[in-house]
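Some notes on the structure that comes next.
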Amino acid sequence: MNDTGTVLVLIWIGVVMAGIAVGRVPGLRMNRASIALVGAVGLLLAGVLSPGDAVAAVDFHTLALLFGMMVLNVNLRLAGFFRLLAARVLRIARTPRQLLALVVLSSGLLSGLFLNDTIVLMFTPFVLELLTALERRPLPYLVALMTAANAGSVATVVGNPQNMLIGMASGMDIGQFTLILIVPALLALVIIWLVVQGIYRDDFRTERLIVPAPRRVRTYRPLLRKSLFASFVLVAALAAGLPVALAALGAASLLLVTRRLRPERVFWEIDWTLLVFFAGLFVVTAALHQGPAGEWWRAIAEAGTGSLTSLTLTSVLLSNIVSNVPAVLLLAPLMESGADPILFWCTLAMATTFAGNLTLLGSVANMIVAETAAGAGVRIGFGAFLRAGVPITLLTVSAGLAWMLFLAM
């Protein structure tokens with residue numbers, strides 16, 4: 001491929017990445033998944049990649065992990081687990097600060113276990129309902145919900161999609177991953193609790209909340225018991241050292257053997273769009289790492305990944321240009337060049353995850369909360385979120401980097 005062809009490939013990939021970052025194409029009805037898929041097909045038609053190269057570029061272990069976790073989450077959701085948990089956790093609060101702490105803690109910790117997108121999807125309607133009953137302004141609590149769900153998800157390999165990619169690419173032990181990143185996750189939750197109180201101080205006076213009578217939450221107990229058992233099996237399998245993707249598929253298979261719930265109901269709830277998005281994105285980023293385009297990209301990117309500090313800054317910047325999942329795919333091939341690959345992988349996870357709290361468009365979880373709230377008549381503006389997102393991101397990334405540098409000493 002000559003220089004002109006290389007430039008055209010880079011322009012095409014840049015256009016695709018820009019479309020993925022924005023989430024749409026002006027004048028067309030395209031989402032991130034369709035943009036990634038069309039981008040991948042365009043590279044195949046141009047001969048940048050062969051069909052065999054494209055298939056080899058798709059990480060089926062990551063897709064299997066995503067699918068397995070989706071099946072588990074769907075069953076827990078249909079059983080009423082998240083509704084029951086949200087209602088019981090939020091019922092404990094007696095003051096605005098306690099309510100904020102419970103929102104931050106519950107969404108943050110649960111996101112590390114059940115995917116941040118799933119948690120905000122289930123928690124947002126209940127938080128809105130509770131705040132309406134309490135006659136509280138929802139904005140501070142919704143900002144806390146989305147930022148805590150993002151921050152808490154960094155603690156585990158299954159907490160968010162970019163962590164899954166890192167877990168698969170690095171082959172890191174999941175226990176080691178959590179031991180390193182649990183501290184930044186907990187520090188981030190404390191920072192979020194303090195920052196939200198500081199920015200919205202008028203909403204957190206010391207008066208006690210008048211909690212309304214709780215409404216009974218309906219659950220499907222047989223499915224709930226089975227789903228919790230499958231979750232326990234997943235945790236036990238991971239603790240025993242079973243590969244992460246295989247453990248997730250095993251738990252999903254256990255739930256798909258059923259007399260009560262039709263498989264069509266489960267498969268209908270699966271986010272197939274996310275799986276298509278990942279498959280297309282694998283192909284697009286693989287093209288960027290091959291041939292002359294790959295040499296150009298590596299020369300640019302290696303300058304920003306030579307140290308933990310430069311990797312952190314590069315990850316935050318790139319995550320807010322192309323989104324965190326593409327950022328991980330673009331930077332992952334460079335991680336092994338670090339002096340301590342484990343710390344470099346964990347720094348990549350920390351920085352790309354915390355970067356999602358900078359703007360309202362920084363993560364899918366943010367947009368889920370914003371869209372759900374809009375449907376209930378509560379608007380979360382870009383500027384209103386930025387007011388909290390900037391200090392939260394700067395403080396959490398700084399704390400996370402300080403922890404990584406401490407471990408590297």
Side-chain angles (χ1 to χ4, degrees), residues 56-69 111-113 115-116 152-185 234-235 237-249 278-279 281-282 285-286 288-289 294 297-298 301-302 304-316 318-319 322-356 397 400-401 403-408:
V58 177
D59 188 341
F60 290 98
H61 290 90
T62 299
L63 296 183
L65 174 57
L66 275 168
F67 175 78
M69 292 303 299
S111 291
L113 298 174
L115 283 173
N116 55 347
S153 70
V154 78
T156 70
V157 169
V158 297
N160 57 55
Q162 62 268 22
N163 279 14
M164 293 182 185
L165 288 170
I166 289 169
M168 294 296 102
S170 66
M172 194 188 314
D173 177 78
I174 63 165
Q176 186 178 29
F177 185 95
T178 298
L179 283 175
I180 293 175
L181 287 168
I182 188 66
V183 172
L234 172 62
V235 173
L238 293 175
L242 202 66
V244 180
L246 185 57
L249 284 178
F278 266 80
L281 196 57
F282 280 132
T285 53
L288 186 59
H289 288 290
W297 163 249
R298 183 173 291 273
E302 281 184 346
T305 58
S307 68
L308 295 177
T309 302
S310 62
L311 173 60
T312 298
L313 296 176
T314 301
S315 299
V316 171
L318 196 57
S319 292
V322 299
S323 187
N324 45 23
V325 172
V328 167
L329 284 173
L330 290 170
L331 295 174
L334 306 175
M335 291 303 98
E336 296 300 332
S337 62
D340 189 337
I342 291 176
L343 283 183
F344 272 70
W345 282 115
C346 289
T347 300
L348 179 64
M350 177 276 298
T352 54
T353 298
F354 289 170
V397 170
L401 176 58
W403 173 248
M404 296 301 173
L405 292 174
F406 170 76
L407 294 179

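Please read these numbers as outputs of a predicted model, since none were measured by experiment.
Within the 4.5 Å cutoff, no side-chain heavy atoms of Thr309 are placed close to those of Met404. Contact annotation: the side chain of Asn324 never approaches that of Thr353 to less than 4.5 Å [non-hydrogen atoms, C-beta and beyond]. Looking only at side-chain heavy atoms (C-beta outward), Leu165 and Phe282 come within less than 4.5 Å of each other.
One distance of note links CE of Met164 with CZ of Phe278; it measures 8.0 Å at 0.5 Å rounding. In this structure, Leu348 CG and Ile166 CD1 are separated by 4.0 Å, a value rounded to the nearest 0.5 Å. Atom-to-atom distance recorded for Leu308:CG and Trp403:CH2 is 13.5 Å, nearest 0.5 angstrom. The distance from the CZ atom of Phe177 to the CD1 atom of Ile182 is 11.0 Å, given to the nearest 0.5 Å. The line from CG of Leu311 to OG1 of Thr347 is 6.0 Å long, rounded to the nearest 0.5 Å. Here the OG atom belonging to Ser315 is positioned 12.5 Å from the CZ atom belonging to Phe354, to the nearest 0.5 angstrom.
When all heavy atoms of Val58 and Ala279 are compared, the closest pair comes out as CG2-O, 3.9 Å. Contact between Ala332 and Trp345 at its shortest, heavy atoms only, is O-CH2, 3.5 Å. Residues Ser170 and Gly167 share a closest heavy-atom pair of OG-O, 3.6 Å. Across every non-hydrogen atom of Cys346 and Leu181, the tightest pair is O-CD2, 3.6 Å. Among all heavy-atom pairs drawn from Gly112 and Val158, the shortest one is O-CG2, 3.8 Å. The minimum heavy-atom distance linking Pro184 with Met350 is given by the pair CB-CG, 4.5 Å.
Between the side chain of Asn163 and the main chain of Val154, a donor-acceptor pair closer than 3.5 Å is present. Under a 3.5 Å cut-off, the side chain of Thr178 and the backbone N or O of Thr156 do not form any donor-acceptor pair. For the pair Thr352 (side chain) and Ser319 (backbone), a donor-acceptor distance under 3.5 Å is absent.
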*asked:* Using the rule given for side chain to side chain contact (heavy atoms under 4.5 Å, CB included), can you reason through Leu234 versus Met69, listing the C-alpha separation, both sets of side-chain angles and the distance that settles it, and then say yes or no?
replied: CA-CA 10 Å; Leu234 172 62; Met69 292 303 299; 3.8 Å; yes

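Each of Asn116, Leu113, Leu115 was evaluated against Ser153; a single residue qualifies, Asn116, per the side chain to side chain contact (heavy atoms under 4.5 Å, CB included) test.
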